[in-house]
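In what follows, every heavy atom counts, from backbone to side chain, and hydrogens, waters and symmetry copies are set aside. Lettering of chains follows the sequences in order, A, B, ..., and the numbering in each one begins at 1. Because the structure is predicted, anything quoted here is derived from the model rather than measured.
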Amino acid sequence: MRRATTGLLRPLSPAFFRRPTLQIAPDLLGRFLIVLENGGPVGGRIVEVEAYIGEDDPACHAFRGRTQRNTAMYGPPGHAYVYFTYGNHWMLNAVTEREGFPAALLIRALEPLHGLSAMRLRRGSDKDRTLTNGPGKLTKALGIDGGDNGASLRGPRIIIAGRRPPGLPVAVSGRVGVSEGGYVPWRFYVDGNLWVSPYRNGTRATKGRYSDGVE
DNA sequence: AGCATGATTTGCT
DNA sequence: GCAAATCATGCTC
(Lines give C-alpha, C1' and ligand atoms only; values in the text may rest on other atoms or scores of the structure.)
Protein backbone atom coordinates (compact mmCIF):
# COMPACT_ATOMS: atom_id res chain seq x y z
CA MET A 1 0.00 0.00 0.00
CA ARG A 2 2.62 2.48 1.05
CA ARG A 3 4.88 1.59 -1.85
CA ALA A 4 2.05 2.15 -4.28
CA THR A 5 1.26 5.62 -2.98
CA THR A 6 4.66 7.16 -2.37
CA GLY A 7 5.26 7.75 -6.06
CA LEU A 8 1.96 9.57 -6.24
CA LEU A 9 2.50 11.74 -3.18
CA ARG A 10 3.98 14.62 -5.10
CA PRO A 11 1.83 17.48 -3.84
CA LEU A 12 0.23 19.88 -6.30
CA SER A 13 2.01 23.23 -6.35
CA PRO A 14 0.56 26.54 -5.12
CA ALA A 15 0.52 27.65 -8.76
CA PHE A 16 -1.99 24.89 -9.50
CA PHE A 17 -4.45 26.43 -7.03
CA ARG A 18 -3.77 30.04 -7.95
CA ARG A 19 -5.66 29.74 -11.27
CA PRO A 20 -9.34 30.58 -11.94
CA THR A 21 -11.50 28.27 -9.81
CA LEU A 22 -13.61 26.97 -12.70
CA GLN A 23 -10.44 25.99 -14.52
CA ILE A 24 -9.12 24.07 -11.53
CA ALA A 25 -12.38 22.24 -10.77
CA PRO A 26 -12.32 19.64 -13.57
CA ASP A 27 -8.54 19.41 -13.24
CA LEU A 28 -8.85 18.38 -9.59
CA LEU A 29 -10.96 15.33 -10.42
CA GLY A 30 -9.00 12.08 -10.29
CA ARG A 31 -6.29 13.53 -8.01
CA PHE A 32 -5.49 11.95 -4.67
CA LEU A 33 -6.62 13.40 -1.36
CA ILE A 34 -4.56 11.76 1.36
CA VAL A 35 -4.34 12.25 5.12
CA LEU A 36 -1.07 10.96 6.56
CA GLU A 37 -1.29 9.24 9.91
CA ASN A 38 0.85 6.97 12.02
CA GLY A 39 -0.96 3.99 10.58
CA GLY A 40 -0.24 5.09 7.01
CA PRO A 41 -2.09 6.98 4.29
CA VAL A 42 -5.88 7.30 4.39
CA GLY A 43 -7.76 8.64 1.39
CA GLY A 44 -8.52 8.17 -2.29
CA ARG A 45 -9.36 9.84 -5.56
CA ILE A 46 -11.41 13.03 -5.75
CA VAL A 47 -14.51 12.35 -7.87
CA GLU A 48 -16.75 15.37 -7.13
CA VAL A 49 -16.16 19.07 -6.40
CA GLU A 50 -18.19 22.28 -6.22
CA ALA A 51 -17.01 25.86 -6.82
CA TYR A 52 -17.75 28.84 -4.56
CA ILE A 53 -16.34 32.03 -5.97
CA GLY A 54 -16.06 35.50 -4.49
CA GLU A 55 -18.27 37.99 -2.69
CA ASP A 56 -20.70 38.20 -5.63
CA ASP A 57 -21.64 34.51 -5.40
CA PRO A 58 -24.76 34.38 -3.16
CA ALA A 59 -23.99 30.81 -2.14
CA CYS A 60 -20.41 31.56 -1.14
CA HIS A 61 -19.69 32.05 2.57
CA ALA A 62 -17.86 35.24 1.63
CA PHE A 63 -21.04 36.75 0.16
CA ARG A 64 -21.40 39.10 3.11
CA GLY A 65 -17.74 39.82 3.35
CA ARG A 66 -15.04 38.52 5.60
CA THR A 67 -15.95 36.98 8.94
CA GLN A 68 -14.03 34.95 11.47
CA ARG A 69 -15.45 31.76 10.03
CA ASN A 70 -14.53 32.32 6.37
CA THR A 71 -11.11 33.91 6.90
CA ALA A 72 -9.24 30.92 5.47
CA MET A 73 -10.96 31.46 2.10
CA TYR A 74 -9.20 34.83 1.85
CA GLY A 75 -5.86 33.21 2.57
CA PRO A 76 -3.23 31.79 0.21
CA PRO A 77 -4.31 29.18 -2.38
CA GLY A 78 -3.51 25.54 -1.80
CA HIS A 79 -4.69 25.57 1.79
CA ALA A 80 -7.73 24.06 3.52
CA TYR A 81 -10.92 25.91 4.41
CA VAL A 82 -12.76 23.68 6.90
CA TYR A 83 -16.07 24.68 8.44
CA PHE A 84 -18.83 23.10 10.50
CA THR A 85 -22.47 23.00 9.50
CA TYR A 86 -25.87 21.46 10.26
CA GLY A 87 -24.81 20.71 13.79
CA ASN A 88 -22.73 17.64 12.91
CA HIS A 89 -20.68 17.94 9.76
CA TRP A 90 -17.26 19.24 8.79
CA MET A 91 -16.73 20.35 5.17
CA LEU A 92 -13.36 20.40 3.43
CA ASN A 93 -12.56 23.01 0.77
CA ALA A 94 -9.40 23.71 -1.20
CA VAL A 95 -8.73 27.47 -1.27
CA THR A 96 -8.17 28.79 -4.80
CA GLU A 97 -7.16 31.96 -6.68
CA ARG A 98 -4.86 34.70 -5.43
CA GLU A 99 -4.50 35.52 -1.75
CA GLY A 100 -7.10 38.10 -0.73
CA PHE A 101 -9.75 36.85 -3.17
CA PRO A 102 -12.22 34.49 -1.43
CA ALA A 103 -12.82 31.34 -3.49
CA ALA A 104 -12.68 27.61 -2.88
CA LEU A 105 -13.60 24.16 -4.15
CA LEU A 106 -15.70 22.00 -1.85
CA ILE A 107 -14.50 18.38 -1.97
CA ARG A 108 -17.80 16.50 -2.15
CA ALA A 109 -16.83 12.88 -2.76
CA LEU A 110 -13.91 10.48 -2.83
CA GLU A 111 -13.30 7.04 -4.27
CA PRO A 112 -11.72 5.36 -1.22
CA LEU A 113 -8.43 3.59 -1.98
CA HIS A 114 -6.10 3.74 1.02
CA GLY A 115 -6.71 3.04 4.70
CA LEU A 116 -10.12 1.45 4.19
CA SER A 117 -10.11 -0.14 7.64
CA ALA A 118 -9.44 3.19 9.36
CA MET A 119 -12.29 4.75 7.40
CA ARG A 120 -14.73 1.96 8.25
CA LEU A 121 -13.82 2.33 11.90
CA ARG A 122 -14.52 6.08 11.97
CA ARG A 123 -17.69 5.75 9.95
CA GLY A 124 -18.98 2.79 11.92
CA SER A 125 -18.32 -0.15 9.56
CA ASP A 126 -20.46 1.01 6.69
CA LYS A 127 -20.67 -0.40 3.21
CA ASP A 128 -17.73 0.80 1.14
CA ARG A 129 -20.13 2.42 -1.30
CA THR A 130 -21.30 4.93 1.30
CA LEU A 131 -17.94 5.43 3.02
CA THR A 132 -16.97 8.70 1.32
CA ASN A 133 -19.79 9.58 -1.11
CA GLY A 134 -20.64 12.92 0.47
CA PRO A 135 -18.78 15.96 1.86
CA GLY A 136 -19.64 15.25 5.51
CA LYS A 137 -18.93 11.55 5.15
CA LEU A 138 -15.46 11.93 3.70
CA THR A 139 -14.22 14.32 6.40
CA LYS A 140 -15.41 11.89 9.03
CA ALA A 141 -13.76 8.94 7.27
CA LEU A 142 -10.46 10.83 6.99
CA GLY A 143 -10.58 12.38 10.45
CA ILE A 144 -10.62 15.95 9.14
CA ASP A 145 -12.09 18.62 11.44
CA GLY A 146 -11.74 22.24 12.55
CA GLY A 147 -8.16 21.65 13.60
CA ASP A 148 -7.29 21.36 9.91
CA ASN A 149 -8.70 24.77 8.97
CA GLY A 150 -6.00 26.78 7.22
CA ALA A 151 -3.63 23.82 6.89
CA SER A 152 -1.47 23.43 3.81
CA LEU A 153 -2.59 20.88 1.23
CA ARG A 154 1.04 19.97 0.57
CA GLY A 155 1.38 18.27 3.94
CA PRO A 156 2.60 17.40 6.45
CA ARG A 157 -0.86 16.08 7.33
CA ILE A 158 -3.18 16.65 4.37
CA ILE A 159 -1.91 16.20 0.81
CA ILE A 160 -3.55 16.65 -2.59
CA ALA A 161 -1.33 14.99 -5.15
CA GLY A 162 -1.03 12.85 -8.22
CA ARG A 163 -1.78 13.10 -11.89
CA ARG A 164 -5.13 13.38 -13.55
CA PRO A 165 -5.98 10.11 -15.33
CA PRO A 166 -6.36 10.71 -19.08
CA GLY A 167 -9.81 10.36 -20.58
CA LEU A 168 -11.69 10.87 -17.31
CA PRO A 169 -15.37 11.52 -18.19
CA VAL A 170 -16.34 14.80 -16.53
CA ALA A 171 -19.94 15.98 -16.13
CA VAL A 172 -21.36 19.22 -14.71
CA SER A 173 -24.58 20.17 -12.88
CA GLY A 174 -25.99 22.74 -10.50
CA ARG A 175 -24.64 22.85 -6.98
CA VAL A 176 -26.24 20.64 -4.34
CA GLY A 177 -28.04 22.32 -1.46
CA VAL A 178 -27.91 25.75 -3.08
CA SER A 179 -31.17 27.63 -3.53
CA GLU A 180 -32.47 29.22 -6.74
CA GLY A 181 -30.61 32.50 -6.39
CA GLY A 182 -27.24 30.84 -6.57
CA TYR A 183 -27.89 28.57 -9.51
CA VAL A 184 -24.87 28.04 -11.71
CA PRO A 185 -23.48 24.80 -13.22
CA TRP A 186 -20.52 24.70 -10.90
CA ARG A 187 -20.63 21.10 -9.68
CA PHE A 188 -18.10 18.88 -11.46
CA TYR A 189 -17.98 15.10 -11.11
CA VAL A 190 -16.62 11.93 -12.68
CA ASP A 191 -19.49 10.63 -14.76
CA GLY A 192 -20.53 7.12 -13.80
CA ASN A 193 -18.26 6.85 -10.76
CA LEU A 194 -19.90 4.89 -7.95
CA TRP A 195 -18.83 7.31 -5.22
CA VAL A 196 -20.38 10.47 -6.62
CA SER A 197 -22.84 11.75 -4.01
CA PRO A 198 -26.55 11.02 -4.43
CA TYR A 199 -28.20 14.17 -5.79
CA ARG A 200 -31.35 14.44 -3.78
CA ASN A 201 -33.37 17.63 -3.49
CA GLY A 202 -35.79 18.23 -6.38
CA THR A 203 -33.20 17.88 -9.07
CA ARG A 204 -33.28 20.34 -11.90
CA ALA A 205 -29.72 19.19 -12.20
CA THR A 206 -29.38 19.99 -15.90
CA LYS A 207 -26.56 17.56 -16.16
CA GLY A 208 -24.24 18.19 -19.06
CA ARG A 209 -21.00 16.92 -20.43
CA TYR A 210 -17.93 18.94 -19.82
CA SER A 211 -15.38 19.31 -22.56
CA ASP A 212 -13.03 22.23 -22.46
CA GLY A 213 -9.52 21.23 -23.25
CA VAL A 214 -8.35 20.28 -19.78
CA GLU A 215 -6.95 16.99 -21.09
C1' DA B 1 -36.43 4.68 -4.90
C1' DG B 2 -38.25 8.69 -3.03
C1' DC B 3 -39.85 11.91 0.66
C1' DA B 4 -39.94 13.77 5.61
C1' DT B 5 -37.78 14.51 9.85
C1' DG B 6 -34.55 15.02 13.78
C1' DA B 7 -29.84 15.82 15.19
C1' DT B 8 -27.18 19.76 16.92
C1' DT B 9 -23.68 24.02 16.40
C1' DT B 10 -22.17 28.37 14.52
C1' DG B 11 -22.58 32.91 12.60
C1' DC B 12 -24.99 36.81 11.87
C1' DT B 13 -30.14 39.40 9.82
C1' DG C 1 -34.01 33.30 16.58
C1' DC C 2 -33.21 31.35 12.13
C1' DA C 3 -31.01 29.30 8.30
C1' DA C 4 -27.41 26.42 6.91
C1' DA C 5 -22.41 23.94 0.86
C1' DT C 6 -25.63 17.31 5.50
C1' DC C 7 -26.60 12.55 7.09
C1' DA C 8 -29.12 8.59 8.91
C1' DT C 9 -33.36 6.69 9.79
C1' DG C 10 -37.97 5.54 9.10
C1' DC C 11 -41.95 5.76 6.42
C1' DT C 12 -44.70 5.16 2.02
C1' DC C 13 -45.40 3.88 -2.63
Side-chain angles (χ1 to χ4, degrees), chain A residues 17 21-22 24-26 28-29 33 46-75 77 79-97 101-110 112 119-150 153 158 160 171-190 192 194-207:
Chain A
F17 292 100
T21 307
L22 295 179
I24 303 169
L28 204 52
L29 297 176
L33 168 62
I46 297 170
V47 297
E48 179 180 351
V49 299
E50 253 173 27
Y52 292 88
I53 308 174
E55 299 180 344
D56 295 328
D57 174 2
C60 183
H61 285 169
F63 185 52
R64 293 179 204 290
R66 185 176 186 141
T67 64
Q68 189 164 37
R69 180 206 212 189
N70 65 28
T71 289
M73 252 202 301
Y74 288 80
H79 289 244
Y81 167 43
V82 182
Y83 69 91
F84 192 72
T85 191
Y86 286 109
N88 350 330
H89 305 294
W90 293 101
M91 304 284 140
L92 171 66
N93 299 251
V95 175
T96 58
E97 316 230 7
F101 183 87
L105 288 163
L106 170 66
I107 312 295
R108 287 194 55 87
L110 226 57
M119 292 197 221
R120 292 191 195 104
L121 201 62
R122 291 206 189 90
R123 293 270 295 120
S125 76
D126 248 2
K127 293 175 145 69
D128 289 355
R129 280 284 294 275
T130 57
L131 219 43
T132 53
N133 68 334
K137 298 180 200 177
L138 75 88
T139 53
K140 186 166 185 186
L142 269 58
I144 291 170
D145 62 22
D148 295 304
N149 190 32
L153 297 175
I158 304 179
I160 293 183
V172 295
S173 81
R175 294 176 290 185
V176 177
V178 172
S179 51
E180 293 298 323
Y183 179 82
V184 277
W186 287 356
R187 171 176 176 252
F188 298 74
Y189 59 97
V190 177
L194 293 179
W195 282 270
V196 169
S197 73
Y199 198 173
R200 29 184 178 293
N201 156 35
T203 314
R204 80 203 96 262
T206 62
K207 164 184 167 179

Compile the donor-acceptor pairs under 3.5 Å between side chains in residues 81-89 of chain A and protein atoms, sequence neighbours left out, one pair per line.
from	atom 1	to	atom 2	distance (Å)
A/Tyr81	OH	A/His61	ND1	2.8

Legend entry - Rounded interatomic separation in angstrom, taking CZ from A/Arg175 and P from C/dA5: 10 Å
Inset, instruction - Applying salt bridge (charged side-chain N to carboxylate O under 4.0 Å, His left out), name anything that partners A/Arg120, two or more places apart in sequence or on another chain. - result: A/Asp128
Inset, instruction - Between C/dC7, C/dA8, C/dA5, spot the one nearest the side chain of A/Arg123, thanks. - result: C/dA8
Legend entry - Option from A/Asn133, A/Val176, A/Thr130 for which side-chain contact (heavy atoms from CB on, under 4.5 Å) with A/Pro198 holds: A/Asn133
Inset, instruction - Considering just the side-chain nitrogens and oxygens of A/Arg108, establish if one lies under 4.0 Å of OP1 or OP2 belonging to C/dT6. - result: yes
Legend entry - A/Phe84 CZ to C/dA3 P, straight-line distance once rounded to whole Å: 19 Å
Inset, instruction - Not counting sequence neighbours, which residues clear side-chain contact (heavy atoms from CB on, under 4.5 Å) with A/Ala25? List them please. - result: A/Val49, A/Leu105, A/Phe188
Inset, instruction - Taking Watson-Crick and G-U wobble pairs with both distances under 3.5 Å, convert DNA chain C into its dot-bracket string, 5' to 3', dots for unpaired and | for cross-strand pairs. - result: ||||.|||||||.
Inset, instruction - Return the value, rounded to whole Å, for the distance between atom OH of A/Tyr183 and atom P of C/dA5. - result: 17 Å
Inset, instruction - Please state how far atom CG in A/Leu131 lies from atom P in C/dC7, giving the value in whole angstrom units. - result: 13 Å
Inset, instruction - Among B/dG11, C/dA5, C/dC7, find the nucleotide with the atom closest to the side chain of A/Lys137. - result: C/dC7
Legend entry - With sequence neighbours excluded, residues passing salt bridge (charged side-chain N to carboxylate O under 4.0 Å, His left out) with A/Glu48: A/Arg108, A/Arg187
Inset, instruction - Apply the side-chain contact (heavy atoms from CB on, under 4.5 Å) test between A/Phe101 and each candidate in A/Ile53, A/Val95, A/Thr21; give the one that qualifies. - result: A/Ile53
Inset, instruction - Send over the distance from A/Asp145 CG to B/dT9 P, rounded to a whole Å. - result: 15 Å
Inset, instruction - Mind calculating the distance between CE (A/Met73) and P (C/dA5) to the nearest angstrom? - result: 10 Å
Inset, instruction - Indicate, with a heavy-atom threshold strictly under 4.0 Å, whether A/Tyr52 touches base, sugar-phosphate, or nothing. - result: base
Legend entry - Protein-nucleotide distance (A/Asn133, atom CG; C/dA8, atom C1'), rounded to Å: 12 Å
Inset, instruction - Please report, rounded to the nearest Å, how far the C1' atom of C/dA5 is from the CZ atom of A/Arg69. - result: 9 Å
Legend entry - Interface with DNA chain B, restricted to residues 85-92 of chain A and to heavy atoms under 4.0 Å: A/Tyr86, A/Gly87, A/Asn88
Legend entry - A/Thr139 and A/Asp148, any side-chain heavy atoms less than 4.5 Å apart: no
Inset, instruction - For A/Asn70 and A/Gly65, indicate whether the former's side chain and the latter's backbone hold a donor-acceptor pair under 3.5 Å. - result: yes
Legend entry - Heavy-atom side-chain contact between A/Tyr189 and A/Ser173 under 4.5 Å: yes
